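Not measured: the values here are computed from a predicted model. Just so it is clear: chains get the letters A, B, ... in the order the sequence lines come, proteins before strands, and each one is counted from 1.
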Amino acid sequence: MIRLCRVNKRFYPGEAREVHALRDIDLSIQEGEFAVITGPSGCGKTTLLNAIGLLDSISSGEIWLDERLISALGEHEKSDLRRDRMGFVFQAYNLVPVLSARENIALIMQLRGFKPQQIEARVAEVAQMLQIEHKLDALPARLSGGEQQRVAVARAVAAKPSVILADEPTANLDSHNAALLMRMMRRLNEEEGITVLFSSHDDDVINAAKRIIRLKDGALC
Amino acid sequence: MFSLVLKIALKSAFIRPLRSFLTVLMIALSMSVMITLEGFYDGMVQSMTQSVIRSQSGDLSLFAKGYRLHGQIDYRIEEAKALTQSLREHPQVDAAVMRLEAQGLAQTAHKASGATLIGIDVLAEERFGGFSEFVVDGTLDSLSHGAAIGSALAKRLKVRIGSKVVLSVVDQERTIQSIALRIKAVVRTSNIARDERALFVDYPVAAALLGVSPESATQIALRCTEPHALQTHPDLRALESVRFEALHPQLAQMRTLTDLFNTLSFGIVMSVVFIGILGTMYVSVLERIREFGMLLCIGYGFGRLCAQVLFEALALSLAGFALGALLSFGLLLYLYVYGLDLSAFAQGLERFGLFSVLYAPLDPGYFLSTLYAVIGAASLSVIAPLRRIAKLTPVEVLKEYP
């Protein structure tokens with residue numbers, strides 16, 4: 001499903017401060033996988049996720065999604081692809097503060113032009129799966145960190161993307177909420193068949209993954 | 001899709017209520033002060049020009065050729081009555097009056113002053129310019145047995161209602177003719193030329209005194225919407241037709257000057273409004289960089305972000321406009337109905353040809369032009385914040401604003 005071929009990423013190329021963040025990454029993620037990218041701080045976890053999510057360009061190599069070379073797309077096409085095929089969960093939740101939980105969850109579905117009835121039904125469904133159905137009318141500021149992150153996950157999965165990319169989704173959560181979130185994400189993976197790729201350096205979270213991808217100094221190990 | 005962007009924009013525009021309120025208030029106050037001043041200045045100029053148009057020149061004046069140069073009754077329009085009647089039937093003419101004017105000397109037992117004899121038809125003058133509204137003392141009912149006198153002339157001659165004035169003029173035969181006139185009314189037109197010199201008498205009396213036919217006139221004044229078009233009328237070719245602006249260039253200049261002043265004030269106020277909205281929008285965008293970065297990450301698109309920021313600026317600006325329009329409408333309505341009473345400065349104002357109570361017009365154009373300007377200022381004010389967003393890449397935002 002996702003294939004990376006000799007992907008390299010260099011920051012500040014040609015300068016004294018050049019950093020070789022990803023080194024010849026060859027990686028395949030199959031449909032329905034529940035995989036974690038782990039490694040020490042600064043090993044390139046976030047850079048790799050950003051590259052796969054087309055949030056950052058790569059210096060060399062190729063990234064394929066379902067037999068389509070996506071690393072060479074233009075910015076506008078990348079934006080459309082992110083909207084239509086990918087779901088993102090950020091460490092800092094990043095919900096739209098003026099929209100309620102319901103409106104945040106519905107956001108990507110609305111961007112993709114789903115019908116209101118479809119949106120309503122799907123929002124209710126994912127809210128129930130993530131146990132936030134009683135918080136749907138609350139603004140993000142009224143939600144706890146755990147609840148905000150579940151709303152962020154709900155937003156990411158609501159439009160049924162091909163893959164969810166989550167960068168340290170549990171980093172700001174306590175162990176109880178982190179475990180709860182991982183259980184829910186795994187359930188979504190199993191019940192909805194959504195591919196989940198996330199990064200973490202938390203052992204409990206890593207152990208919840210079906211596949212562990214280890215990075216060290218920007219290279220797979 | 002449009003509704004989603006609009007919803008986020010409207011909610012975001014007022015997410016900081018105090019800041020939004022202050023921005024709206026700034027726009028509203030600037031706008032209301034500007035519109036009120038604009039109305040006030042326009043009212044002043046209109047007061048001056050209208051008093052001259054109503055009491056003297058009309059929008060278009062007709063004279064026999066040579067009259068304006070020599071100022072003598074020899075140069076008069078002979079068939080003035082018939083021409084005036086026919087002009088009243090013209091679809092572009094709202095009202096027409098004929099007048100008979102001659103320079104003379106007004107005297108009492110103690111005082112004498114140069115004066116202008118003006119023969120008028122009171123009813124026609126009433127239709128033409130609401131002549132009775134100029135009367136500050138006495139009545140026009142029995143003008144055939146007396147005269148109405150300009151307020152400044154009355155003051156100079158120290159006459160009042162019931163006083164007698166002897167008016168001497170040179171008639172058509174170059175003979176000095178005199179008539180004793182009892183003052184029936186004192187008029188204040190705020191037209192300096194009229195107030196300082198005019199002695200209005202009934203038309204037949206003036207014609208008889210000057211020894212000319214009552215069918216003739218020295219001036220025909222017209223109220224019309226398009227004087228320029230009328231100037232080409234075939235019946236008027238033998239006459240000299242002069243528009244108000246040409247007859248009173250100083251007033252036309254004053255109108256131009258006021259327009260310029262209003263335009264300058266408008267520009268300055270709108271610049272302040274622009275800077276105000278720009279500041280608010282820039283701060284608003286800067287403090288929400290992370291939100292915008294996230295929206296770019298999930299494929300919201302730069303186009304939608306532009307529309308969202310523009311809608312936010314428009315929401316704030318239009319709220320300010322609505323409040324400002326309400327405030328300025330209230331102020332203008334007050335000035336339109338009651339006017340600004342400057343009686344304490346009446347003497348000074350009179351010298352400038354102004355009434356002591358100044359009224360402002362209620363012109364929808366003030367609001368429309370301000371609306372356009374506010375929309376323009378709001379649209380321009382988002383360019384700098386949007387340029388800031390355009391420089392962002394999602395990954396930069398996630399790194400720099402975690």
Tell me whether the count of non-hydrogen atoms from other residues, nucleotides or ligands lying under 6.0 Å of [atom1] in [X] goes above 12.
X      : atom1 : result
A:D217 : CG    : no
A:M129 : CE    : yes
B:F302 : CZ    : yes
B:E287 : CD    : yes
A:H20  : NE2   : yes
B:Y334 : OH    : no
A:E18  : CD    : yes

Spacing of B:M294 atom CE and A:Y93 atom OH [to the nearest 0.5 Å]: 14.5 Å

Which atom pair, heavy atoms only, marks the closest approach of [X] to [Y]?
X      : Y     : answer
B:E291 : A:V96 : OE2-CG1, 3.8 Å
B:C297 : A:L55 : SG-CD2, 3.5 Å
A:Q110 : B:L4  : OE1-CD1, 3.3 Å

Which portion of B:L296 sits near chain A, non-hydrogen atoms under 4.5 angstrom: backbone

Interface moiety of B:Y300 toward chain A, non-hydrogen atoms closer than 4.5 Å: both

Positions in residues 132-164 of chain A that reach chain B, provided some heavy atom is under 4.5 Å away: A:R155

Inter-chain contacts: residues 67-86 of chain A against chain B, heavy atoms under 4.5 Å: A:S79, A:R82, A:R83

Qualifying residues under side-chain hydrogen bond (donor to acceptor under 3.5 Å, both in side chains), relative to A:D167, sequence neighbours excluded: A:T46, A:S199

Winner by heavy-atom pair count (cut-off under 4.5 Å) against chain B, out of A:T47, A:L95, A:L107: A:L107

Per-residue contacts, residues 10-24 of chain B versus chain A, heavy atoms under 4.5 Å: B:K11, B:S12, B:I15

Contacting region of A:L54 [heavy-atom separation from chain B under 4.5 Å]: neither

